[in-house]
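In this chain, numbering begins with 1 at the start of the sequence shown.
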Amino acid sequence: MSKEQVAWYLVHCKPKQEVRAQENLNNQLINSFLPTISVEKVIRGKRQSVEEVMFPGYLFVELAITGEYWSKIRSTRGVRDFVRFGGVPAKISLELLEQLKVIDSNLVTNVAAETPKAGDRVRIMSGPFKDLEGVFQMPDGEQRSIVLLNILGKESKLEVMNRDIEKL
């Protein structure tokens with residue numbers, strides 16, 4: 001098929017089944033695109049890099065504009081239906097899709113090579129406590145950690161963003 005005879009469409013997937021839908025579409029030889037990003041998360045107290053779907057619940061598919069294979073898409077496991085406006089499946093511009101592919105390949109949240117462990121010496125890199133050294137106590141959620149600082153002879157707990165500390 002020539003590029004004039006095909007278009008990209010947005011498909012709504014069942015909850016948490018975007019990857020399943022893409023695998024089933026690929027098995028049917030239907031071209032699809034599922035943008036993902038690598039995100040830093042704290043899982044069981046450890047920072048890890050995890051792949052996540054950029055647009056949860058949605059997937060892009062390339063189909064003939066004549067309408068063939070459309071019923072095949074709707075009956076694919078993991079797929080709910082096309083995203084429609086006024087009853088017409090939503091077409092996605094090729095320029096937007098190309099931009100998403102560039103973002104998909106470049107957007108990665110870096111995880112520090114050596115994440116601090118309890119008792120490690122750390123330095124605060126920004127904010128009002130910049131250049132102060134302390135002791136890493138523990139992670140506090142996905143984006144913050146607790147650091148012990150010795151200020152005026154007294155140990156104080158300070159919550160800081162993970163990106164604002166470096167291990168010494």
Side-chain angles (χ1 to χ4, degrees), residues 1-117 125-127 136 138-147 159-167:
M1 273 186 259
S2 70
K3 289 292 178 190
E4 293 80 35
Q5 296 175 331
V6 295
W8 284 90
Y9 296 91
L10 187 59
V11 173
H12 189 228
C13 299
K14 293 179 181 174
K16 307 274 186 201
Q17 293 191 26
E18 303 89 358
V19 174
R20 179 183 191 186
Q22 185 181 34
E23 288 172 356
N24 288 315
L25 290 168
N26 289 343
N27 290 341
Q28 297 174 55
L29 302 177
I30 296 174
N31 194 15
S32 63
F33 175 57
L34 180 64
T36 58
I37 57 173
S38 181
V39 180
E40 181 181 301
K41 287 194 164 194
V42 176
I43 301 173
R44 293 185 198 101
K46 296 181 181 178
R47 275 194 270 182
Q48 297 178 0
S49 182
V50 186
E51 284 289 317
E52 286 191 355
V53 177
M54 191 180 295
F55 305 109
Y58 297 95
L59 176 70
F60 300 95
V61 293
E62 185 178 34
L63 294 171
I65 58 175
T66 58
E68 51 189 305
Y69 303 118
W70 287 23
S71 61
K72 204 179 203 185
I73 299 291
R74 289 192 307 271
S75 61
T76 299
R77 288 179 185 240
V79 173
R80 273 210 173 126
D81 199 359
F82 287 94
V83 173
R84 299 172 188 266
F85 296 106
V88 179
K91 285 185 183 178
I92 306 300
S93 72
L94 195 55
E95 294 81 23
L96 174 64
L97 203 65
E98 292 301 321
Q99 289 176 346
L100 286 174
K101 286 182 180 181
V102 169
I103 290 172
D104 185 45
S105 63
N106 293 333
L107 187 62
V108 176
T109 306
N110 293 326
V111 178
E114 288 188 40
T115 56
K117 294 174 182 50
M125 302 304 296
S126 66
F136 184 85
M138 62 191 282
D140 182 32
E142 293 182 9
Q143 299 180 359
R144 293 182 302 242
S145 295
I146 296 176
V147 175
E159 278 188 24
V160 293
M161 299 298 288
N162 291 337
R163 66 174 181 266
D164 294 339
I165 57 174
E166 81 171 348
K167 185 177 173 182

For [X], check side chain to side chain donor-acceptor pair (under 3.5 Å) against everything at least two apart and list the hits.
{"X": "Gln28", "answer": "Thr76"}
{"X": "Ser71", "answer": "none"}
{"X": "Asn24", "answer": "none"}
{"X": "Arg20", "answer": "Gln17"}

Looking at [atom1] of [X] and [atom2] of [Y], how far apart are the two atoms once the value is rounded to the nearest 0.5 Å?
{"X": "Cys13", "Y": "Tyr58", "atom1": "SG", "atom2": "OH", "answer": "9.5 Å"}
{"X": "Glu62", "Y": "Leu97", "atom1": "CD", "atom2": "CG", "answer": "8.5 Å"}
{"X": "Phe33", "Y": "Met54", "atom1": "CZ", "atom2": "CE", "answer": "7.0 Å"}
{"X": "Leu63", "Y": "Lys72", "atom1": "CG", "atom2": "NZ", "answer": "10.0 Å"}

Leu59 side chain reached by Leu25 side chain, heavy atoms, under 4.5 Å: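 With C-beta onward as the side chain, the pair touches.
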Is Lys167 positioned over the aromatic face of Phe136, cation under 6.0 angstrom from the ring centre and no more than 45 degrees off axis? no
Sequence neighbours left out, what passes side-chain contact (heavy atoms from CB on, under 4.5 Å) with Val53? Give chain and number order. Glu18, Leu34
Only counting residues at least two apart or in another chain, list the ones meeting side-chain contact (heavy atoms from CB on, under 4.5 Å) with Met125.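 So Met125 forms a side-chain contact (heavy atoms from CB on, under 4.5 Å) with Arg123, Glu166.
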Salt bridge (Lys or Arg N to Asp or Glu O under 4.0 Å) filter on Glu23, not counting sequence neighbours, yields none
Residues which pass ring-ring contact (aromatic ring centres under 6.0 Å, His included) with Phe55, listed by chain and number, not counting sequence neighbours: none
Crowded around Met138 CE? As in, over 12 foreign heavy atoms under 6.0 Å? no
Is a donor on one side and an acceptor on the other found under 3.5 Å between the side chain of Trp70 and the backbone of Ala64?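 Looks like yes, one N/O pair under 3.5 Å.
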Review item, side-chain donor-acceptor pairs of residues 79-96, under 3.5 Å, at least two apart:
{"residue": "Asp81", "atom": "OD1", "partner": "Arg84", "partner atom": "NH2", "Å": "3.3"}
{"residue": "Arg84", "atom": "NH1", "partner": "Gly87", "partner atom": "O", "Å": "3.3"}
{"residue": "Ser93", "atom": "OG", "partner": "Leu96", "partner atom": "N", "Å": "3.2"}

